[in-house]
Amino acid sequence: MKISEIAQLLNAKIICGDDMLDEEVHSACGSDMMSDVLAYVKDQAVLLTGLMNTQVVRTAEMMDMRCIVFVRGKMPGEDIIKLAGMCGLALLSTEERMYTACGKLYLAGLRGDVV
Amino acid sequence: MPDNEQKNRQDASLHLTYNVNGDNFTSAGEASVDVKKALRQLGFSPAFIRRVAIAMYEGEINMVIHAEGGTAEVYVYSDHVEIVLADHGPGIADVELAMQEGYSTAPDNIRALGFGAGMGLPNMKRYTDEMKIDTEIGVGTTITMVVNTDSDKK
Ligand SMILES: Nc1ncnc2c1ncn2[C@@H]1O[C@H](COP(=O)(O)OP(=O)(O)O)[C@@H](O)[C@H]1O
Ligand SMILES: [Mg+2]
């Protein structure tokens, strides 16, 4: 799935990473606990989260992710946008809540990890 | 640290040193980001780099949230990386307990930031091939981790 399709499905604002919209991503995860992301994620390219701080961006960077989707309409501040730009991460913001956002992407074919 | 390990450190192709600022949650992880960059430039595999970066990142976060900061030393060799994280924090009273998944003394404000799930030390163990914790109450904690390039850990 392209990052642009994620934005479309979630009716999300593209905060940064316009140049990455054509990039293909193959799996995603949703979490507000960064250590869980660091523990269980394997090759997921997209992180959906309700959390908003610089460590979310760093966690995604550590995991070599490509895109963060902030749920519940949260908008990142300048510090977060700048950090994401530096590590080449696209940032999206959707009004959807976590469950619905994940569900929509899953239904459209973006899967999680195989347990 | 055994003597032979000390001697070997002179053979490291790269030695990086960082101060980890304990007053600033926002900057926590900067050292790990820098190490990641350095290892990428040296041409290590993405999977190996990720394991080093995650282990060090969790350790860095721990130094910030539990120990008011410390120092991070990274020694890079052709076939492995050694990370030494040292702090002068409170020390860990029961290491075995601290190593258990879900055990955490982190306060609620840290949990609200996405950390403090008690997965840090287990994650460090998970992603490294060797991990040693030297700790003394009231003196501090030194954690030494080794990640091998040819490990089949994921
Ligand atoms: N550097 C440290 N200094 C003192 N205590 C520590 C340190 N690192 C970890 N601990 C203790 O071990 C516990 C477990 O650590 P960890 O698994 O990383 O979980 P968390 O950081 O989420 O609490 C911490 O809650 C803390 O009590
Ligand atoms: Mg921790």
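Reminder, nothing fancy here: chain letters follow the sequence lines and each chain counts from 1. Hydrogens, waters and symmetry mates are skipped; everything else that's a heavy atom, side chains included, is used.
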Check whether any side-chain heavy atom of A:Tyr40 lies under 4.5 Å from a side-chain heavy atom of B:Met119, and answer yes or no. yes

Shortest non-hydrogen pair, A:Met62 vs B:Gly29, comes out as CE-O, 4.1 Å

- Item | Worked verdict on B:Arg126 versus A:Leu38 for side chain to side chain contact (heavy atoms under 4.5 Å, CB included) | CA-CA 10 Å; B:Arg126 189 187 333 264; A:Leu38 292 164; over 6 Å; no

- Just wondering, more than 12 heavy atoms not from A:Lys13 lying within 6.0 Å of its NZ? no

Honestly, the part of A:Thr54 sitting under 4.5 Å from a heavy atom of chain B is side chain

Review point. Is the number of heavy atoms from other residues, nucleotides or ligands within 6.0 Å of CD (A:Glu24) greater than 12?
Key: yes

Heaviest contributor of heavy-atom pairs below 4.5 Å to chain B, chosen from A:Leu83, A:Asp32, A:Asp79, A:Asp64, is A:Asp64

**Message:** Hydrophobic clustering (ILVMFWY, side-chain heavy atoms < 4.5 Å, transitive) - are A:Ile68 and B:Val33 grouped together?
**Reply:** yes

Practice prompt. Determine, stepwise, if the pair B:Leu113 / A:Gln55 fulfils side chain to side chain contact (heavy atoms under 4.5 Å, CB included).
Written response: CA-CA 8 Å; B:Leu113 292 166; A:Gln55 298 309 335; over 6 Å; no

Tightest non-hydrogen contact, residues A:Ser35 and B:Gly120, listed as OG-N, 4.3 Å

Cut-off 4.5 Å, heavy atoms of chain B, and the answer for A:Met52 is neither

Under 4.5 Å to a heavy atom of chain A? For B:Ile49 that would be neither

| Just wondering, are more than 12 heavy atoms of other shown residues or ligands nearer than 6.0 Å to CD in B:Glu68? | no

Honestly, the part of B:Ala112 sitting under 4.5 Å from a heavy atom of chain A is backbone

Should we say atom CZ of A:Arg97 is surrounded by more than 12 heavy atoms from elsewhere, each under 6.0 Å from it?
no

Here the gap from B:Tyr57 atom OH to A:Met34 atom CE, rounded to the nearest 0.5 Å, amounts to 8.5 Å

Between B:Lys36 and A:Glu61 the two heavy atoms that sit nearest each other are NZ-O, 2.5 Å

In sequence, state the C-alpha distance, the side-chain angles, and the governing distance for A:Arg58 and B:Glu30, and then conclude on side chain to side chain contact (heavy atoms under 4.5 Å, CB included). CA-CA 8 Å; A:Arg58 276 216 182 94; B:Glu30 278 175 0; 3.4 Å; yes

Flag side-chain contact, heavy atom, 4.5 Å: A:Asn53 against B:Phe115 | no

(Q) Would you say A:Leu110 ends up clustered with A:Leu9 if hydrophobic residues are merged whenever their side chains have heavy atoms under 4.5 Å apart, either directly or through other cluster members? (A) yes

Next on the checklist: Let me check something: do A:Val57 and A:Leu47 share a hydrophobic cluster, defined by ILVMFWY side-chain heavy atoms less than 4.5 Å apart, either directly or through other members?
Outcome noted: yes

- Spell out, yes or no, whether A:Val71 and A:Met1 are grouped together once hydrophobic residues are joined by side-chain heavy atoms under 4.5 Å, including indirect joins. yes

The interface call for A:Thr59 against chain B, heavy-atom contacts under 4.5 Å, is both

**OP:** May I ask whether A:Tyr106 and A:Leu92 are part of the same hydrophobic cluster, defined by side-chain heavy atoms of I, L, V, M, F, W, Y residues being less than 4.5 angstrom apart, directly or through others?
**Re:** no

Of all heavy-atom pairs linking B:Asn123 and A:Ala39, the shortest is OD1-CB, 3.0 Å

For atom CG of B:Asn109, decide whether the heavy atoms of other residues, nucleotides or ligands shown that lie under 6.0 angstrom number more than 12. yes

